[in-house]
Amino acid sequence: MDLIRPAKTRLHLLKFSVKSGRFRVSNPLQCQSKASYARLVNYRAFSSTVRGHEEQRQHRVAPDPLPQRNSKRSRRSNVFRYVFVGSLGIVAFAFIYNQVGSTSQSAIFEPPRFTPFTITRREIVSPTSILITIRPSIPPNLIPSDPYGESWRRGPWSVEIKQPQLQIARSYTPLPPGADDEPGDLRFLIRREHKGEMSGYLWSLKEGNDIWLRGPKREYELGEDVSDVVFVAGGTGIAPALQVAHTLLERRNGKINPNIRIFWANRRREDCLGGNGSDKQELGPVVRVIDELQRRHPGSLKMTYLVDEDGSYIDQKKISAALKENAGVKSQPIITRIDSKMIFVSGPEGFVEFVAGGKRFEGGKEGQGTLGGLLGRMGIRDWKVWKL
Ligand SMILES: Cc1cc2nc3c(=O)[nH]c(=O)nc-3n(C[C@H](O)[C@H](O)[C@H](O)COP(=O)(O)OP(=O)(O)OC[C@H]3O[C@@H](n4cnc5c(N)ncnc54)[C@H](O)[C@@H]3O)c2cc1C
């Protein structure tokens, strides 16, 4: 078709001369060459013959400049069409992917509204803390395979839980998912506060009861270059520490093999039963989570359990040794970014203040405050300190 169309176009330029009984070209400049012009003016005035000759010529000879120009142009326009259609396809794919992604994130959470979950498991950890597992109150087939994947990939995060009678809400930190958890399950370590309104309410709930959640809320964006972490956690501060370990060990592409040291301070041994290798036969529920991570990533996650009852406390000497340990020779590229080496501190207010100085309200919200406490006195350089 492409070969024929230009020929027809050219024939429209011919005019029939009654006088000579011949066709003549109305504008010879439209001809591609003198030869083709001469051929055209000598054709007999029989349209069928003209068409027949012209068509034969078109099929026999190499395409003349006009068809060449046209085929080049049509090839170019085809390329343009492919690029255009391809780009449209990519945009459409990105849009659908994004929609599906955000749907899977929002299938469970619908901020700013609270959504219902059901307590599927309640374990007593110690006289002051429990571990609860909750599941979204929606049909299982509506729960995506990794509904919190985006939150886990980026670093520590929390949710708010509501007390429906008092209409108050407090933040809580999901523990990393366990091997037996269903997609959509979330686990929390809840410490019972003396006369605490929300913790008292959560403590009173039974398996099968509903609770209401809102989130997720990002607590810190872990950079892609984080290679060394020292985490000083007190009590339930272990939850964000395990989140950081989970993100770096299980959710990153494995380019960096991180070194993580967690100090976990508790008042009672029951809170970290089985930690430090003693009484291994009986592991507390949280120590089981830690144990699982350590088994999956040997050498990458080191734990130090500190128990008030046993007379072991966090101090400068222990932190200093951990910083030196992590500054050792590594089989990975040297990274100079300041936030590749992180010290996190998390736990009750008094604990955070003792280790790194208190947080302060800055510009209407809770900020980091100045560096104080143990870390402030150590004059740490090369490490970024963050209070969670
Ligand atoms: C980002 C983030 C994540 C968190 N994650 C967790 C988590 O995973 N697990 C967890 O257990 N906690 C977590 N918390 C803490 C949690 O949000 C609550 O602050 C905690 O459970 C206490 O809430 P409450 O309502 O029980 O205590 P509140 O009622 O708010 O009481 C707070 C304190 O005041 C004292 N108090 C209250 N009333 C009285 C009174 N009449 N007389 C004397 N003292 C009183 C209580 O003893 C308590 O120490 C997190 C906090 C944040 C900010």
Side-chain angles (χ1 to χ4, degrees), residues 109 111 114 117 119 121-134 148 151-152 154-178 181 185-205 211-222 231-247 262 264-268 270-272 284-287 289-290 344-356 358-362 364-369 386-388:
F109 292 123
F114 286 85
F117 283 67
I119 297 180
R121 200 159 178 207
R122 181 186 188 275
E123 290 170 83
I124 293 180
V125 177
S126 75
T128 52
S129 54
I130 51 169
L131 194 99
I132 57 168
T133 306
I134 61 173
Y148 317 113
S151 295
W152 286 120
R154 292 171 59 186
W157 59 291
S158 67
V159 296
E160 279 182 295
I161 303 181
K162 164 170 97 166
Q163 211 286 20
Q165 284 88 38
L166 298 175
Q167 287 295 317
I168 55 164
R170 300 270 189 271
S171 299
Y172 292 90
T173 312
L175 288 166
D181 288 349
D185 283 6
L186 289 173
R187 292 186 295 178
F188 298 92
L189 177 64
I190 309 287
R191 185 182 151 76
R192 185 182 197 171
E193 297 290 346
H194 176 65
K195 294 189 177 169
E197 288 178 319
M198 179 59 87
S199 59
Y201 159 75
L202 291 174
W203 192 273
S204 71
L205 296 176
I211 64 169
W212 297 78
L213 263 73
R214 175 167 72 182
K217 184 177 171 236
R218 177 124 320 280
E219 296 296 337
Y220 186 81
E221 186 87 37
L222 268 179
F231 205 119
V232 188
T236 56
I238 189 64
L242 295 180
Q243 286 191 333
V244 168
H246 176 79
T247 296
I262 299 177
W264 186 21
N266 280 295
R267 292 206 186 102
R268 303 157 185 259
E270 293 149 294
D271 286 314
C272 54
V286 182
V287 177
V289 177
I290 296 166
F344 289 102
V345 186
S346 176
E349 228 174 272
F351 179 83
V352 172
E353 190 152 355
F354 172 72
V355 177
K359 291 189 183 179
R360 292 283 175 270
F361 265 86
E362 298 156 357
K365 57 180 182 159
E366 196 177 50
Q368 288 291 297
W386 196 262
K387 304 166 199 172
L388 281 168

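The figures here come from the full heavy-atom set of this structure, side chains too, leaving out hydrogens, waters and symmetry mates. Read the numbers this way: they start at 1 and go in the same order the structure lists the ligands and their atoms.
Screening residues 166-176 for side-chain hydrogen bond (donor to acceptor under 3.5 Å, both in side chains), with sequence neighbours left out, gives no hits.
Using a 4.0 Å cut-off between a side-chain N of Lys or Arg and a carboxylate O of Asp or Glu, Lys195 and Glu193 do not qualify as a salt bridge.
Here the side chains of Asp185 and Tyr148 are not in contact, with every heavy-atom distance at 4.5 Å or above.
Not counting sequence neighbours, the partners of Arg121 by the side chain to side chain contact (heavy atoms under 4.5 Å, CB included) test are Glu123, Thr133, Glu207. For Glu349, there are no side chain to side chain contact (heavy atoms under 4.5 Å, CB included) partners at least two apart in sequence or on another chain.
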Please produce the table of protein N or O atoms sitting under 3.5 Å from N or O atoms belonging to ligand 1, one pair a line, distance to 0.1 Å.
{"from": "ligand 1", "atom 1": "5 (N)", "to": "Thr173", "atom 2": "N", "distance (Å)": "3.4"}
{"from": "ligand 1", "atom 1": "5 (N)", "to": "Thr173", "atom 2": "OG1", "distance (Å)": "3.0"}
{"from": "ligand 1", "atom 1": "8 (O)", "to": "Thr173", "atom 2": "N", "distance (Å)": "3.1"}
{"from": "ligand 1", "atom 1": "9 (N)", "to": "Leu189", "atom 2": "O", "distance (Å)": "2.8"}
{"from": "ligand 1", "atom 1": "11 (O)", "to": "Arg191", "atom 2": "N", "distance (Å)": "2.9"}
{"from": "ligand 1", "atom 1": "14 (N)", "to": "Ser171", "atom 2": "O", "distance (Å)": "3.3"}
{"from": "ligand 1", "atom 1": "17 (O)", "to": "Ser171", "atom 2": "N", "distance (Å)": "3.4"}
{"from": "ligand 1", "atom 1": "17 (O)", "to": "Ser171", "atom 2": "O", "distance (Å)": "2.7"}
{"from": "ligand 1", "atom 1": "21 (O)", "to": "Tyr172", "atom 2": "OH", "distance (Å)": "2.7"}
{"from": "ligand 1", "atom 1": "25 (O)", "to": "Arg170", "atom 2": "NE", "distance (Å)": "2.9"}
{"from": "ligand 1", "atom 1": "25 (O)", "to": "Arg170", "atom 2": "NH2", "distance (Å)": "3.4"}
{"from": "ligand 1", "atom 1": "25 (O)", "to": "Glu197", "atom 2": "N", "distance (Å)": "3.4"}
{"from": "ligand 1", "atom 1": "25 (O)", "to": "Met198", "atom 2": "N", "distance (Å)": "2.8"}
{"from": "ligand 1", "atom 1": "26 (O)", "to": "Glu197", "atom 2": "N", "distance (Å)": "3.4"}
{"from": "ligand 1", "atom 1": "26 (O)", "to": "Met198", "atom 2": "N", "distance (Å)": "3.3"}
{"from": "ligand 1", "atom 1": "26 (O)", "to": "Ser199", "atom 2": "N", "distance (Å)": "2.8"}
{"from": "ligand 1", "atom 1": "26 (O)", "to": "Ser199", "atom 2": "OG", "distance (Å)": "2.7"}
{"from": "ligand 1", "atom 1": "29 (O)", "to": "Glu197", "atom 2": "N", "distance (Å)": "3.0"}
{"from": "ligand 1", "atom 1": "30 (O)", "to": "Arg170", "atom 2": "NE", "distance (Å)": "3.3"}
{"from": "ligand 1", "atom 1": "30 (O)", "to": "Arg170", "atom 2": "NH2", "distance (Å)": "3.0"}
{"from": "ligand 1", "atom 1": "47 (O)", "to": "His194", "atom 2": "O", "distance (Å)": "2.3"}
{"from": "ligand 1", "atom 1": "49 (O)", "to": "Glu193", "atom 2": "OE1", "distance (Å)": "3.4"}

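Taking the ring centre of Trp203 as origin, the terminal cationic atom of Arg191 falls outside the region bounded by 6.0 Å and 45° from the ring axis.
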